[in-house]
Structures are given as C-alpha cells and as structure tokens.
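What follows is a set of notes on a single structure, which appears directly below.
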Amino acid sequence: MPETTLATEVIRWYEKNARDLPWRVPGVGAWAILVSEVMLQQTPVVRVLPAWQSWLERWPTPAALAADTSAEAIRMWGRLGYPRRALRLWECAVAIVDRHGGQVPTDLDELLALPGVGTYTGRAVATFAYGQRHPVVDTNVRRVVARAVAGEPDAGPATRPADLVATEALLPAEPAVAARASAAIMELGAMVCTAQSPNCVGCPLIDRCAWRASGLPAPAGPTRRPQRYAGTDRQVRGLLLAVLRETTGPVSRDRLDLVWSDATQRSRALASLLDDGLVELVGEKFALAGDGPVAPTPSGAAAG
DNA sequence: TAGACGTGGTA
DNA sequence: TTACCAAGTCT
C-alpha cells in the first residue's frame, strides 16, 4: 500500500496537468465562480468559456444582473442549453441582492437556498470561492471514487448522500488543501479517468486503483435508456425559444407556428415554457419572460 | 426516484 | 446515422 494519500497523489498530478481555466485564476470572485458552475451544469467547458466571458463583462456583479431583465439573461444565455438555468441565475442574482446585500453568501445552507443551486453547485462555490471544506461531488468525482476506491466500473446514475460521505473521507483536514483536492479529483475525472476511454497509463492512481486491481471489469449493462432529442418536446421548446431570443418584442402565435408542424406538440411545448416562467403572454402575443412592454421599476414614476 | 430538461461534438 | 456524453437541478 502506498504511503501517500489518494488526495496527495491527485493534487501532485493536478499541479502539473491542470487546464488554465479562467474561473480558476486566483482572485476570481464568488459571483464569477457561481456563474461558471451554473453554466458548467451538463455543458462542456469549451462551450462555456466564451459565454462566461461575455456574461461577466456585461454583468460583473449580482446587482448588475438583477437590475437587468430576465429576458436579457435568457438571450445572453444563447445556445448553451437548458435555458431554465439562465432564468434561475437571474433569480439567483435578485435573491442575492434582496437577501444578502449583493454578496454571494458564504454559508452553505444559504447557498443551497438559492435558485438553481443544488448539492453540487452549492458546495463548489463554498469550496472554490471561499476555501471551505466540503465534499464537491459531480459526475467526474463520483466516477473516480467509484473506480479507484470502490473498484466499480462506473458510478450510479445520481448523486446520493453516500457519495458525499465517501468523498469527504478522502479530503485532507486542512480546508485549503481539501479544496485543492476536490478540484484535482474533478480534473482527473474530466481529463484522465473519463467515462469512455480512461487513460490509465497517465493516471497517478494507477498503482492504487481498485478497479484496475480487479482487472478493469466492464459495466454491467445498459444503465439507462438512451435520451432521444429529435422530435421531442425538448426540441420544440428549443425552437420556440430560439425565435423569441432573436426577437426584441412580443411575437405573434402565427410566427411561432412556423417552427413546428404538429400543433398539439407545439401547444404543449409553448404551455410548458409559460409554465416554467421562461415565456410570458403579452396580450395576444408571446415574449421572453421579462420582455413585456412594462417592466416595473422600483425607482420608476409609475405607481403600478 | 425516475424523468424532464438543450445543444453540439465525437466515434 | 445513431448513441453517448458534457462540472446538475427540480419535481
């Protein structure tokens, strides 16, 4: 058994091999890190990079975003995917201004209470922005721990409390070092211990990996049903939203009818967008939420 | 807890 | 071309 800990080994590897990602630059604020974490949810780094830059140039603080409309946030989100994240991030900015004086909270429970901030994102912000000691468990970390520690070919489909416990057990005592370890394990999962074809030869854990030790057993079988996209409501929602994103004001139903031939599915998709709060009804027309004719401003003359 | 929720790149 | 996958969250 090696004398060093798993965390020490991975941190050492990280020092040499970490990518130069802008949200990892020392001094980057909590807001910038929060934005990166939300954008990174289910979205590859290469696509987040330019979006993150633009977003922060326009809205360098939660207050700046909160002062703008949710419609602008949804527009700026562009084609990153899962546009509900844009709306939640905007709601998040509003909540940060309302409840925390414009400062991203440091307390984990307060972070977790923010819209769009879940088990992973809350701990990621508390850890990477504030240097606290929390298990930061994403799909990469779960995979590394499942393989290296548990000897299993892959992690389960969702993060469970047990995953947090197992990861916490790997963290060094010192908060700053634990934070480093979390970033390093995540990076290892993203760059080396990948889902598809792990590069075991380049892995710092090769000599202590339980999965490797048991002969790299293959995954049991089809873990989940494949997710189709073409022809789903999801695709129709995307088409509908794309039209609204590219238009400044409200759009007629006739215009939206052009994006999809099946009226039933079209209506269902539009209804779900309204239900999600991504789209709003403006008279007979439809607009991005917050893009309505009258955006009530607290300082405005209108009484309301 | 399983399923919904975008989008685009790679094999 | 199909299938999988990419730093999850919410219901």
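Throughout, protein chains are lettered first and strands after them, A, B, ... in sequence-line order, and every chain is numbered starting at 1.
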Residue pair A:E9, A:T4: steps toward the side-chain hydrogen bond (donor to acceptor under 3.5 Å, both in side chains) verdict | CA-CA 7 Å; A:E9 217 63 73; A:T4 59; 2.4 Å; yes

Pairs meeting criterion side chain to side chain donor-acceptor pair (under 3.5 Å) with involvement of residues 245-256 of chain A, two or more places apart | none

Strictly by modelled atom types, are A:Q41 and A:Y120 linked by a side-chain donor-acceptor pair under 3.5 Å?
-> no

Qualifying residues under salt bridge (Lys or Arg N to Asp or Glu O under 4.0 Å), relative to A:R133, sequence neighbours excluded =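 Counting only residues at least two positions away or on another chain, A:R133 forms a salt bridge (Lys or Arg N to Asp or Glu O under 4.0 Å) with A:E168.
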
Residues in salt bridge (Lys or Arg N to Asp or Glu O under 4.0 Å) contact with A:D233, at least two apart in sequence or another chain = A:R268

Does a nitrogen or oxygen in the side chain of [X] sit under 4.0 Å from OP1 or OP2 of [N]?
| X | N | result |
| --- | --- | --- |
| A:R88 | C:dT9 | no |
| A:Y229 | B:dT7 | yes |
| A:R160 | B:dT1 | yes |

Please tell me which of A:P115 and A:D138 maps to the more 5' nucleotide of DNA chain C, matching each residue to the nucleotide holding its nearest heavy atom.
-> A:D138

Is the backbone of A:L164 close enough, under 3.5 Å, to the side chain of A:T167 for a donor and an acceptor to pair up by distance?
-> no

Donor-acceptor under 3.5 Å (A:E91 side chain, A:G116 main chain) =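 Not confirmed, A:E91 side chain does not pair with A:G116 backbone.
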
Between [atom2] on [N] and [atom1] on [X], what's the gap in Å once rounded to a whole number?
| X | N | atom1 | atom2 | value |
| --- | --- | --- | --- | --- |
| A:L89 | C:dG8 | CG | C1' | 14 Å |
| A:L87 | C:dT9 | CG | C1' | 13 Å |
| A:Y82 | C:dA6 | OH | P | 13 Å |
| A:L80 | B:dC5 | CG | P | 19 Å |
| A:R234 | B:dG8 | CZ | C1' | 13 Å |
| A:Y14 | C:dA7 | OH | C1' | 12 Å |
| A:R85 | B:dA4 | CZ | P | 18 Å |
| A:D154 | C:dC5 | CG | P | 8 Å |

Looking at [range], who's got a heavy atom less than 4.0 Å off DNA chain C?
| range | result |
| --- | --- |
| residues 177-190 of chain A | A:A190 |
| residues 36-45 of chain A | A:E37, A:L40, A:Q41, A:Q42, A:P44, A:V45 |
| residues 255-276 of chain A | none |
| residues 116-128 of chain A | A:G116, A:V117, A:G118, A:T119, A:Y120, A:T121 |

Should the pair A:R24-A:E187 be classified as a salt bridge under the 4.0 Å nitrogen-to-oxygen rule?
->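 A salt bridge is present here (some side-chain N lies under 4.0 Å from a carboxylate O).
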
Pairing of A:D154 and A:R143 as salt bridge, 4.0 angstrom limit =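 Between A:R143 and A:D154 there is no salt bridge, as every charged N stays at least 4.0 Å from the carboxylate O atoms.
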
When you match A:T232 and A:R79 each to their closest nucleotide on DNA chain B, which lands nearer the 5' end?
->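 So the residue in question is A:T232.
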
How far, in whole Å, is [M] from [N] if one measures between their [atom1] atoms?
| N | M | atom1 | result |
| --- | --- | --- | --- |
| B:dA11 | C:dA7 | C1' | 23 Å |
| B:dT1 | C:dG8 | C1' | 15 Å |
| C:dT11 | B:dG6 | P | 14 Å |

Within-4.5 Å side-chain heavy-atom neighbours: A:L49 and A:P22 | yes

Among pairs that include at least one residue of residues 92-117 of chain A, which meet salt bridge (charged side-chain N to carboxylate O under 4.0 Å, His left out), considering only residues two or more places apart or in two chains?
-> none

Could you give all pairs that pass the salt bridge (charged side-chain N to carboxylate O under 4.0 Å, His left out) test and reach residues 61-88 of chain A, with sequence neighbours left out?
->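 Every salt bridge (charged side-chain N to carboxylate O under 4.0 Å, His left out) pair that includes a residue of residues 61-88 of chain A, provided the two are not neighbours, is A:R58-A:D68, A:R58-A:E72, A:E72-A:R75, A:R75-A:D291, A:R84-A:D276.
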
Listed partners of A:W211 passing ring pair (Phe, Tyr, Trp, His ring centres under 6.0 Å), at least two apart =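 A:W211 satisfies ring pair (Phe, Tyr, Trp, His ring centres under 6.0 Å) with no other residue.
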
What pairs with A:W23 under ring pair (Phe, Tyr, Trp, His ring centres under 6.0 Å), at least two apart in sequence or on another chain?
-> A:W52

List the steps, then state whether ring pair (Phe, Tyr, Trp, His ring centres under 6.0 Å) holds for A:W59 with A:W31.
-> CA-CA 10 Å; A:W59 299 306; A:W31 170 241; 8.9 Å; no

Just wondering, are more than 12 heavy atoms of other shown residues or ligands nearer than 6.0 Å to CD in A:E284?
->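 No, CD of A:E284 has 12 or fewer neighbouring heavy atoms, counting only those of other groups under 6.0 Å.
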
Inspect the surroundings of CZ in A:R160 and state if more than 12 heavy atoms from other residues, nucleotides or ligands are less than 6.0 Å away.
->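 Incorrect, the count does not exceed 12.
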
Assess whether one donor atom and one acceptor atom, taken from the side chain of A:R84 and the base of C:dT9, lie less than 3.5 Å apart.
-> no

Give the nucleotide from the list C:dA6, B:dT1, C:dC5 with an atom nearest to the side chain of A:Q196.
->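 Ranking C:dA6, B:dT1, C:dC5 by closest atom to the A:Q196 side chain puts C:dC5 first.
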
Could you check whether A:W23 gets within reach of a base, just the sugar-phosphate, or nothing at all, counting any heavy atom under 4.0 Å?
->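 Counting heavy atoms under 4.0 Å across all strands, the contact made by A:W23 includes a base.
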
Per the under-4.0 Å heavy-atom filter, residues of residues 235-246 of chain A near DNA chain B come out as A:R237, A:G238, A:R245

Which heavy-atom pair separates A:I96 from A:V104 by the least distance, and what is that distance?
->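 Shortest heavy-atom separation between A:I96 and A:V104 comes out as CG2-N, 3.9 Å.
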
